[in-house]
Amino acid sequence: MAIDDLYREYILEHYRSPHNKGDLLQPDKYAAYSNPLCGDRIQMGVQFQDGKVADVRFNGNGCAISQAAASILTDMMLGKTPEELRQISRDDILEMIGPDIGPARQKCALLSLDVLRKGILGEPEAEDEELD
Amino acid sequence: MAIDDLYREYILEHYRSPHNKGDLLQPDKYAAYSNPLCGDRIQMGVQFQDGKVADVRFNGNGCAISQAAASILTDMMLGKTPEELRQISRDDILEMIGPDIGPARQKCALLSLDVLRKGILGEPEAEDEELD
Amino acid sequence: MAVRKVSAAHIASLAPREDFPILAQTIRGVPLVFLDSAASSQKPHEVIDAMSRYYETSHANVHRGAYFLSEQASASYENARITIAKFIHARSAKEIIYTRNTTEGLNLIAQTWGLQNIHSGDVILLTEMEHHSNIVPWQMLAQRSGAKLVYTPVTDEGRLDIEAYYRLVCEHAPKLISFSLMSNVLGVIPPAKEMIAAAHSAGAVVLCDGAQFTAHYPTDVRDLDCDFLAFSGHKMLGPTGIGVLYGKRALLEEMPPFLGGGDMIHEVHLQSFSTAELPWKFEAGTPAIAEVIGLEAAILYLQRLQMTRVAEHDHAITKYALNRLSELPWAHVIGPASAEDRGAAISFTIDGLHPHDAATLLDRDGIAVRAGHHCAQPLMERFNIPATARASGYVYTTSNEIDALIESLKKAHAVF
Amino acid sequence: MAVRKVSAAHIASLAPREDFPILAQTIRGVPLVFLDSAASSQKPHEVIDAMSRYYETSHANVHRGAYFLSEQASASYENARITIAKFIHARSAKEIIYTRNTTEGLNLIAQTWGLQNIHSGDVILLTEMEHHSNIVPWQMLAQRSGAKLVYTPVTDEGRLDIEAYYRLVCEHAPKLISFSLMSNVLGVIPPAKEMIAAAHSAGAVVLCDGAQFTAHYPTDVRDLDCDFLAFSGHKMLGPTGIGVLYGKRALLEEMPPFLGGGDMIHEVHLQSFSTAELPWKFEAGTPAIAEVIGLEAAILYLQRLQMTRVAEHDHAITKYALNRLSELPWAHVIGPASAEDRGAAISFTIDGLHPHDAATLLDRDGIAVRAGHHCAQPLMERFNIPATARASGYVYTTSNEIDALIESLKKAHAVF
Ligand SMILES: Cc1ncc(COP(=O)(O)O)c(C=O)c1O
Ligand SMILES: Cc1ncc(COP(=O)(O)O)c(C=O)c1O
């Protein structure tokens with residue numbers, strides 16, 4: 001029974017058998033963030049070669065959404081240049097995770113992207129759009 | 001026209017021509033209190049002779065109610081022993097001022113009694129009745 | 001003083017009076033004339049209903065729940081922040097911090113930014129017309145820090161002495177300047193934008209007390225360029241229990257937290273914690289959720305009325321009331337006699353009639369005005385009066401109500 | 001773990017469910033099963049209506065007005081204080097201070113009594129099961145004062161280690177001891193009266209966090225003999241934006257004020273102020289008037305239900321829920337497995353299913369439970385878990401709702 005759009009087989013697969021899970025012994029870049037709401041914590045190590053992601057591993061405990069998202073994101077990262085990594089958007093992730101995701105769970109889905117952006121790529125805290 | 005029960009001629013008379021208003025040069029006891037709500041301030045000096053109030057004067061600015069109440073109270077005080085002064089109750093004053101007085105104005109009516117009790121007689125801050 | 005004839009035509013209420021259920025009341029058998037809006041305004045149906053509806057259909061604690069009700073409540077709570085940010089033209093909703101009232105907002109700055117930045121010998125510049133809420137927190141801070149409080153005087157006319165202000169700014173180079181955008185006693189609206197620019201040239205940080213102002217005038221924190229602004233919901237058609245503190249983001253980021261507890265933290269260990277992002281860093285514990293929703297409803301209501309029209313209406317009422325009061329030779333306005341740069345709070349004294357007695361007598365006619373020091377004792381001392389009576393209108397006020405006030409004052413004066 | 005058969009009979013709600021408008025809602029097409037009362041309870045009509053009626057008929061600012069509405073509002077505001085004082089068996093209404101919530105009450109003590117009495121090297125004794133709101137204020141105070149924070153540990157069963165508590169009290173002679181009368185995670189109710197007596201023998205002042213407790217149990221501050229008690233209206237059928245801090249009068253009298261501003265003063269001059277009497281000394285600015293009236297309505301409602309019966313009902317629900325959860329071999333309660341001395345907050349983890357996913361899946365069935373650290377990260381660290389799911393019932397909860405929870409959990413577990 002597909003209980004709903006969110007916990008479909010694709011997500012559960014990534015959760016049960018996450019890709020790129022583990023630790024890199026000597027990452028070029030390493031970062032960790034936590035989501036205080038649910039206690040999720042994602043750490044990520046990246047190895048670059050010829051300016052591209054040669055290896056990436058994530059670790060941490062968390063809900064199915066954050067773990068599956070990390071699995072999916074790290075898959076996407078492989079082979080990309082930092083420039084290309086910067087192109088990965090929130091919407092890219094949310095599209096993969098599923099449309100039916102409430103605001104509280106979006107944070108779970110986007111935690112690994114946060115680690116990538118702020119921790120690995122060193123982007124500054126996103127300035128919010130100015131209100132008109 | 002008796003505009004209402006509160007501002008009847010009796011009160012207005014005491015307000016316009018207060019009894020015992022002024023300052024005592026050498027009071028045996030002196031005290032002053034203010035009502036921060038309306039800015040009323042009453043000071044009172046008392047002279048005792050043979051254990052009785054021989055003279056009492058009050059001064060201060062304030063509303064008709066507080067001034068009239070001070071005038072009425074000081075009248076009542078004359079000739080009384082401290083023991084008898086202690087007997088003057090809130091209800092005694094409120095009865096003289098009038099039945100139709102709201103809670104905010106009660107404070108005005110009772111300001112001079114406060115000066116008498118806490119300032120002149122040195123009674124401690126009244127402990128409230130314990131709740132059941 | 002010559003008795004002038006009033007030529008102004010009848011002024012209707014700006015807001016439909018039937019929107020305000022309380023205005024249909026009678027008090028001691030006579031219709032209510034509510035002229036104490038500067039203390040707290042009345043509320044339209046929409047505000048009251050928004051809160052009831054919230055409790056009836058979508059209450060749950062915010063931020064921490066992954067279920068439907070909590071997500072709904074959280075969304076309402078955060079959407080209101082955007083409405084408020086836009087209402088005062090903040091750059092971002094992160095600059096909007098929910099407080100209980102203006103008073104808490106002012107204390108928050110004193111106890112966070114103040115304790116961090118104000119040191120012994122530093123000067124805090126206030127004005128003589130401030131509300132106690134914009135005086136006492138600074139006295140408390142001065143006691144702790146050794147700072148000095150300096151006050152811009154008020155002229156005999158009842159306006160801020162602007163020349164003196166500029167002089168004091170230069171002379172003392174204050175670390176912080178805090179003043180009210182509209183006096184709740186004098187009604188006066190000081191030239192805030194110029195004052196703030198001068199303050200900034202002298203290196204001061206500026207906090208504005210918007211308790212009165214934001215209810216009556218379009219507020220633009222970007223145009224004003226104030227660093228902080230505090231105001232209250234209950235004075236602008238909103239519920240009790242909710243206020244707003246605006247702060248420039250860069251300043252807020254640097255400030256230590258105010259109260260500690262749930263929601264304002266990122267991580268907590270037994271011996272240390274880290275703070276949440278803005279604005280939650282300053283919001284500890286379960287917030288006033290229903291009240292935030294009520295405040296948003298109030299702001300949407302005001303925006304439908306349009307704040308420029310609110311300002312015009314209140315100006316017309318003020319002018320009318322000042323004119324009519326000038327007919328009474330025994331009544332004396334404390335504050336400017338002209339309606340220019342002054343809002344709808346009109347304080348006055350009456351020869352031979354104490355303000356408190358005046359209020360009681362007016363009350364017998366169903367007219368609600370306030371009497372006392374209006375939480376501005378230093379200003380009372382400045383004018384050497386114990387108290388004033390104050391009539392203050394708002395969007396529901398009509399010139400007929402001002403007429404009722406004048407007639408009742410005449411009656412009261414005749415008694416004494 | 002053997003699957004036990006549940007023999008308990010059906011448990012009806014104690015309060016008529018139709019009193020709670022929100023409970024008639026459907027969520028995503030299914031009836032709402034609200035099991036997040038420990039975060040914030042739902043409200044009966046009477047509470048919602050008391051506040052609407054207040055705004056519709058008698059709103060005005062309190063304390064400062066000599067007119068009818070303001071006197072009415074002031075009287076309601078102060079009468080509620082007496083109701084609350086009686087509800088917790090305080091000696092006097094002067095011992096009741098209105099706050100926004102529990103969090104503000106705890107911070108108030110830290111920033112007034114704490115700053116005044118806690119000095120470098122002094123020990124503050126807390127427990128490992130405290131809510132962030134009873135940890136972070138003390139960390140902030142410790143930073144300022146140089147005090148030391150010591151924690152009573154929690155046993156593996158999920159109870160306070162009482163032997164350790166007594167030892168720590170003797171060993172450290174803490175200046176202040178603060179603990180929760182009921183854990184919002186473990187549900188545990190420590191033996192407060194004995195703990196307080198021991199604390200007093202060692203010379204400590206005791207603050208109790210009643211956020212959870214006062215909603216579910218008769219509270220008697222005279223019997224407990226705690227020095228301070230903080231709790232929140234919104235967890236006990238009352239509105240958001242209002243909480244209560246009880247304090248023994250002698251202590252409150254000696255404390256410096258918390259926030260400065262209108263209403264908390266006696267006199268203000270340009271360079272000094274004196275404070276108002278209790279309890280107003282601690283209530284700066286326009287208070288949450290409507291919310292106070294709502295809280296009184298909630299307390300009157302609870303008193304009609306009778307707090308002893310509330311306690312019995314919640315105990316029965318707790319026992320039933322613990323029993324039914326014990327049927328699920330893959331579900332693990334964090335906290336005592338027995339309902340003895342534990343209240344209606346039941347935290348659990350599920351093998352292979354993160355609490356957050358559990359909450360989302362339950363939500364699809366209309367069941368609202370909370371998932372996360374419940375503002376108790378140190379306790380999560382203690383049990384070495386990132387989070388729990390928590391089901392918490394109240395006077396409107398039925399055993400059918402617990403059955404629905406169990407069925408939905410089974411479904412969720414099957415997905416994973
Ligand atoms: C035990 C405990 N203490 C303190 C609090 C904080 O209460 P509030 O958020 O109402 O300030 C809560 C509730 O969140 C709680 O459960
Ligand atoms: C100018 C001014 N500042 C501050 C305040 C305090 O507002 P609140 O009581 O809502 O905190 C008021 C209103 O009482 C005011 O008029």
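From a predicted model like this one, the values you see are computed outputs, not experimental measurements. We name chains A, B, ... by the order of the sequence lines, and we start the count at 1 in each one.
In this structure, the portions of D:F68 lying under 4.5 Å from any heavy atom of chain C include both its backbone and its side chain. Contact annotation for C:M51: only side-chain heavy atoms (C-beta onward) come within less than 4.5 Å of a heavy atom of chain D. For D:P256, no part lies near chain C; criterion is any non-hydrogen pair under 4.5 Å. Contacts between D:S232 and chain C at a heavy-atom distance below 4.5 Å are absent for every atom of the residue. Looking at D:L149, both its backbone and its side chain come within 4.5 Å of chain C, counting heavy atoms on both sides. Heavy atoms of D:T127 lying under 4.5 Å from chain C are absent altogether. With a threshold of 4.5 angstrom between heavy atoms, D:S37 does not approach chain C through any atom at all. When heavy atoms are compared at a cutoff of 4.5 Å, D:S41 approaches chain C solely by way of its backbone atoms N, CA, C and O.
Note: D:I265 leads D:L126, D:V47, D:I265 in heavy-atom pairs under 4.5 Å with chain C. Comparing D:A359, D:A211, D:A284 by heavy-atom pairs within less than 4.5 Å of chain C, the highest count is held by D:A284. Chain C forms more heavy-atom pairs under 4.5 Å with one residue of D:K148, D:M380, D:Q42, D:E130 than with any other, namely D:Q42. For the options D:L23, D:V292, D:T57, heavy-atom pairs under 4.5 Å to chain C are most numerous at D:T57.
Applying the salt bridge (Lys or Arg N to Asp or Glu O under 4.0 Å) test to every pair with at least one member in residues 40-58 of chain D, sequence neighbours left out, gives these pairs: D:E46-D:R304.
Near-neighbour residues of residues 28-35 of chain C relative to chain D, defined by a heavy atom under 4.5 Å from a heavy atom of that chain, comprise C:R28, C:L32, C:F34. At a heavy-atom separation below 4.5 angstrom, chain D is approached by C:V268, C:H269, C:L270, C:Q271, C:S272, C:F273 within residues 268-275 of chain C.
Residues D:Q25 and C:S58 approach most closely at NE2-N, 4.5 Å, considering heavy atoms. Across D:P257 and C:M140, no two heavy atoms sit closer than the pair O-CE, 3.9 Å. Between D:S52 and C:S52, the shortest heavy-atom distance links the atoms OG-OG, 2.9 Å.
Counting heavy atoms from C-beta on, the side chains of C:L115 and D:R144 come closer than 4.5 Å. A heavy-atom distance below 4.5 Å is found between the side chains of C:L69 and D:I22. Side chains of D:R100 and C:L259 form a contact here, defined as non-hydrogen atoms less than 4.5 Å apart. Side-chain contact check for D:Y67 versus C:V369: every heavy-atom pair is 4.5 Å or farther apart. Contact of the C:N61 side chain with the D:H234 side chain is registered, since non-hydrogen atoms from C-beta on lie closer than 4.5 Å. With a 4.5 Å cut-off on side-chain heavy atoms, D:D263 and C:H132 do not count as touching. Proximity of C:E104 to D:E104: side-chain heavy atoms (C-beta onward) are separated by under 4.5 Å at one or more points.
Rounding to the nearest 0.5 angstrom, the gap separating the CD atom in D:E71 from the OG1 atom in C:T360 is 7.5 Å. The NE2 atom of C:H266 lies 8.0 Å from the CD atom of D:Q377; values are rounded to the nearest 0.5 Å.
Checked by atom type and distance alone, the side chain of C:S133 pairs as donor or acceptor with a backbone atom of D:G262 at under 3.5 Å.
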Under 3.5 Å, which donor-acceptor pairs link side chains of residues 236-243 of chain C to any protein atom two or more places apart or in another chain?
{"residue": "C:T240", "atom": "OG1", "partner": "D:Y55", "partner atom": "OH", "Å": "3.2"}
{"residue": "C:T240", "atom": "OG1", "partner": "D:I289", "partner atom": "N", "Å": "3.4"}
{"residue": "C:T240", "atom": "OG1", "partner": "D:A290", "partner atom": "N", "Å": "3.2"}
{"residue": "C:T240", "atom": "OG1", "partner": "D:E291", "partner atom": "OE1", "Å": "2.7"}

